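Below: the structure, in structure tokens.
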Number of protein chains: 2
Amino acid sequence: MGDQTVSYLQNALQEKGYRLTSARQVIVQELAASGGHVTADDLAVLVHEKAPGVGRMTVYRTLELLSELGLIRPVYQGTGAAHYILMDGGHHHHLVCSVCHRVIEFDDCVLGEIEQLICSRYRFQVQSHLLELYGRCPDCQ
Amino acid sequence: MGDQTVSYLQNALQEKGYRLTSARQVIVQELAASGGHVTADDLAVLVHEKAPGVGRMTVYRTLELLSELGLIRPVYQGTGAAHYILMDGGHHHHLVCSVCHRVIEFDDCVLGEIEQLICSRYRFQVQSHLLELYGRCPDCQ
DNA sequence: CTCTGTGCAAAGGATTTGCACTACG
DNA sequence: CGTAGTGCAAATCCTTTGCACAGAG
């Protein structure tokens with residue numbers, strides 16, 4: 001979740017023609033450093049510590065931009081504010097405990113026999129799941 | 001998405017010791033009838049048409065309750081308000097178009113070779129995905 | 001230089017809470 | 001009957017927007 005993520009995000013921004021401002025650099029750095037699963041406000045605080053000049057609005061707008069580009073995703077995780085997760089390499093998986101709401105990330109993308117694997121590897125008792133696939137529908141290709 | 005969903009949800013509520021009030025009955029019926037993917041406000045309007053006495057607050061609170069019980073899930077889908085989806089039988093899958101944001105539901109739960117299958121069956125070009133697994137972590141079992 | 005990006009403050013929505021009242025079990 | 005559930009309104013929280021200014025390319 002370190003430098004490679006940072007440069008990946010920064011490159012993606014520039015390749016799409018967006019400017020790599022100092023504010024965006026800090027935001028992306030802190031987002032990557034946090035490993036994701038932060039709210040916009042959480043991130044704004046982190047960013048503000050590193051770069052006091054960067055306001056909360058810019059964080060919101062940058063997150064929105066990264067979301068549009070498919071680089072991150074907002075998800076509901078318990079209460080209130082949206083949590084943003086990194087979509088490194090186009091996919092993301094995590095386990096959400098239905099009791100303590102703890103979030104356990106995992107990178108294994110073995111789409112077959114997932115649940116058995118999760119159960120044995122993380123000792124996580126899978127009860128249900130949500131699989132969201134993003135892409136282009138027939139009309140939009 | 002019909003009567004069986006309704007009775008499933010209603011039974012689940014009662015088994016957990018929650019009262020099956022007339023307001024909750026209508027809310028669950030309309031939620032099931034809509035097939036999910038509605039916002040709390042959307043649902044409040046639907047419910048209000050069928051039962052004018054039921055207020056928006058009750059809809060919010062019922063959705064929150066159903067979410068806690070793992071029967072439905074709030075998800076971000078484009079702008080603003082949370083959309084609620086039915087977690088029938090413990091799982092849910094859908095395709096989200098990155099261009100028009102259309103949502104295409106599918107029931108096939110073939111966890112192997114999913115993407116190829118989706119591509120050939122729905123002509124949906126999968127670009128990325130998010131798989132969320134819900135259950136109990138080691139500490140909470 | 002020009003146009004995108006930023007910051008502030010204020011608006012706009014969505015969701016939650018407090019409290020008195022109703023009705024399920 | 002007693003407690004969980006409801007309705008209303010107001011409060012709260014998150015997010016978006018308008019506009020003048022600053023900085024990247």
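If you're wondering where the values come from, they're calculated on a predicted model, not measured in any experiment. Order of the sequence lines sets the chain letters (A, B, ...), proteins ahead of strands, with each chain counted from 1.
Near DNA chain C, defined here as any heavy-atom distance below 4.0 Å, the residues from residues 19-31 of chain B are B:Arg19, B:Leu20, listed numerically.
Residue whose closest nucleotide on DNA chain C sits further toward the 5' end, between B:Asp41 and A:Val54: A:Val54. Nearest-nucleotide mapping onto DNA chain D: of A:Gln14 and B:Val59, the residue sitting toward the 5' end is B:Val59. Between B:Gly80 and B:Tyr18, the residue anchored closer to the 5' end of DNA chain D is B:Tyr18, taking for each the nucleotide with the nearest heavy atom.
Hydrophobic clustering (side-chain heavy atoms under 4.5 Å, transitive across Ile, Leu, Val, Met, Phe, Trp, Tyr) keeps A:Ile72 apart from A:Val103.
Annotation: side chain of A:Leu95 is not in contact with side chain of B:Cys137 (no heavy-atom distance under 4.5 Å).
Close placement of the B:His37 and B:His92 rings is indicated, their centers lying within 6.0 Å of each other.
Residue contacts shown for B:Gly55 are limited to sugar-phosphate atoms, with no base heavy atom under 4.0 Å away.
The distance from atom CG of B:Leu13 to atom P of D:dT6 is 10 Å, rounded to the nearest whole Å. To the nearest angstrom, P of D:dT6 lies 12 Å from CD of B:Glu64. Between B:Lys16 atom NZ and D:dG5 atom P there is a gap of 14 Å when expressed in whole angstrom units. Taking atom CG on A:Leu66 and atom C1' on C:dG5, their separation rounds to 14 Å, with Å as the unit.
Here the side chain of B:Ala81 is nearest to one of C:dT6, C:dA14, D:dT15, namely C:dA14. Checked against D:dT16, D:dG5, D:dC14, the side chain of A:Met57 finds its nearest nucleotide in D:dT16. Residue A:Arg61 places its side chain closer to C:dG7 than to any other of D:dG7, C:dG7, D:dT15. Of the listed nucleotides (D:dT16, D:dG5, C:dT6), D:dT16 has the atom at the smallest distance from the side chain of A:Tyr60.
The two residues B:Tyr76 and A:Arg73 make their nearest non-hydrogen contact at O-NH2, 3.9 Å. B:Arg56 and B:Ala44 get closest at one heavy-atom pair: CG-CB, 3.8 Å. Nearest heavy-atom pair, B:Ala23 versus B:Thr58, reported as atom, atom and distance to 0.1 Å: CB-CG2, 4.0 Å.
In this structure, the side chain of A:Ser7 engages the main chain of A:Asp3 through a donor-acceptor pair within 3.5 Å.
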